[in-house]
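No hydrogens, no waters, no symmetry mates; every other heavy atom, side chains included, goes into these values. Both ligands and their constituent atoms are indexed starting at 1 by order of listing.
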Amino acid sequence: MPGRFSGKVAIITGSSFGIGRETAVLFAKEGAKVTVTGRSEERLQGTKKALLDAKVPESNFIIVPADITTPSGQDNLISNTLERFGKIDILVNNAGASIPDSQKRTGVKQGIETYEKVMRLNVQSVIEMTQKVRPHLAKTKGDIVNVSSIVALKAGWAHAPYYPLAKAALDQYTRSAAIDLIHEGIRVNTVNPGIVETGFHGQATGLSEDASKKFYDDMGSNRNAIPCGFSGRPDHIAKAIAFLADRDTSEYIVGQNIIADGGTSLVLGIHTQFPRQTEKL
Ligand code: NDP
């Protein structure tokens with residue numbers, strides 16, 4: 001398909017659902033060959049359907065089931081991509097989650113095993129994928145986009161401290177990797193979403209479909225939480241990822257963050273005492 005990513009090959013992790021699925025469809029519609037991945041066969045089939053519904057030819061994507069936290073999953077992803085498409089131009093490190101504590105502990109009582117799982121998924125897998133894909137991106141002068149979160153910014157998160165810790169580490173890794181890898185012609189940048197309607201506050205955290213919908217509706221109608229007045233959609237984030245993955249639109253941006261949160265990170269608790277900050281626009 002002709003488009004700004006014509007001739008490009010992209011690996012998009014966590015593309016069996018949510019932001020990753022939307023990004024895979026957007027990239028493929030704009031000409032990229034994409035590698036779609038995640039653990040759930042059923043969810044991967046959902047992305048396949050979304051790609052076919054968008055009239056993306058089957059020859060332009062592959063589906064590789066893989067757990068991104070395992071070395072074998074990472075290696076399969078890369079070797080299958082190279083075998084099918086011959087090169088890698090773009091890596092989107094999107095897979096991530098706030099993994100609940102197995103014993104339902106909260107705050108500083110959450111176990112070290114929860115910390116390890118959260119760091120392994122949100123930080124270590126990104127470091128490992130960056131190391132493994134680097135030689136291929138150096139050949140193509142490629143681009144990496146990491147998906148972080150506004151929880152990485154300067155606010156405390158009492159309920160589940162390890163996910164914000166992991167995303168803050170990811171932001172700092174992005175900066176360090178960016179000034180290292182730019183010497184090889186590889187750019188690294190980050191998108192930090194706010195609340196986005198996906199499986200994040202749903203299946204990933206054990207919420208039912210109804211409870212998840214209510215969460216996003218309540219958040220979206222509360223301008224103290226989201227000043228723009230609605231929860232984000234996956235396409236809002238996919239478009240920001242595409243902007244950073246496209247050299248034409250963002251060549252001079254290196255190691256930076258785009259915050260896409262409808263204004264959430266600009267609201268302080270104290271603003272609720274000053275109604276004009278949060279009244280309907
Ligand atoms: P979803 O839960 O909808 O999707 C998460 C994706 O990550 C799925 O495709 C899931 O695939 C994949 N994934 C999770 N764990 C693994 C694993 N071990 N191995 C391989 N794939 C895995 O969430 P979002 O789309 O919202 O999340 C995408 C990114 O956006 C994450 O990094 C998240 O932290 C970030 N984010 C999301 C926000 C939101 O409000 N939605 C806010 C801020 C940041 P499968 O289940 O098939 O393994």
Side-chain angles (χ1 to χ4, degrees), residues 11-26 34-48 50 63-77 92-100 116-126 128-129 145-153 155 157 160 162-171 173-174 190-207 209 212-213 215-216 218-220 225-226 230-238 240-241 257-262 264-265:
I11 295 178
I12 300 158
T13 72
S15 42
S16 59
F17 207 72
I19 292 168
R21 175 185 288 175
E22 196 71 29
T23 305
V25 172
L26 177 64
V34 296
T35 298
V36 169
T37 183
R39 293 160 303 173
S40 158
E41 282 284 357
E42 192 189 336
R43 290 175 137 203
L44 288 167
Q45 286 309 311
T47 302
K48 178 175 181 180
I63 297 202
V64 184
D67 184 335
I68 198 68
T69 64
T70 64
S72 61
Q74 297 161 1
D75 294 341
N76 276 343
L77 202 51
V92 180
N93 287 308
N94 164 74
S98 180
I99 300 169
E116 283 170 351
K117 277 191 218 158
V118 170
M119 292 299 279
R120 177 170 280 277
L121 173 60
N122 293 284
V123 184
Q124 190 175 323
S125 75
V126 175
E128 289 165 343
M129 282 299 288
V145 181
N146 295 328
V147 179
S148 179
S149 169
I150 56 164
V151 300
L153 307 179
W157 295 84
Y162 305 139
Y163 175 69
L165 174 79
K167 291 300 196 184
L170 176 61
D171 281 6
Y173 179 70
T174 298
T190 299
V191 177
N192 296 59
I195 299 284
V196 182
E197 210 164 323
T198 66
F200 185 88
H201 291 281
Q203 190 172 317
T205 43
L207 284 186
E209 219 168 283
S212 172
K213 186 170 180 340
F215 171 85
Y216 288 115
D218 289 352
M219 277 290 183
I226 309 178
F230 52 90
S231 286
R233 299 184 311 268
D235 66 283
H236 289 126
I237 310 306
I241 294 171
N257 304 63
I258 291 183
I259 295 171
D261 70 350
T264 297
S265 56

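- If you check the side chains of T190 and T174, you find a donor sitting under 3.5 Å from an acceptor.
- Listed by chain and number, residues touching ligand 1 at under 4.0 Å (heavy atoms only) are G14, S15, S16, F17, G18, I19, G38, R39, S40, R43, A66, D67, I68, T69, N94, A95, G96, L121, V147, S148, S149, Y163, K167, P193, G194, I195, V196, T198, G199, F200, A204.
- Residues that satisfy the side-chain hydrogen bond (donor to acceptor under 3.5 Å, both in side chains) test with N94, not counting sequence neighbours, are absent from this structure.
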### Task
Start with the C-alpha distance between L153 and I259, add both sets of side-chain angles, then the distance that settles side-chain contact (heavy atoms from CB on, under 4.5 Å), and finish with yes or no.
CA-CA 10 Å; L153 307 179; I259 295 171; 3.8 Å; yes
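- Residues meeting the side chain to side chain contact (heavy atoms under 4.5 Å, CB included) test with E116, sequence neighbours left out: I112.
- Considering only residues two or more places apart in sequence or on other chains, R39 meets the side chain to side chain contact (heavy atoms under 4.5 Å, CB included) condition with D67.
- The residue from I68, T70, N93 that alone fulfils the side-chain contact (heavy atoms from CB on, under 4.5 Å) condition with S125 is I68.
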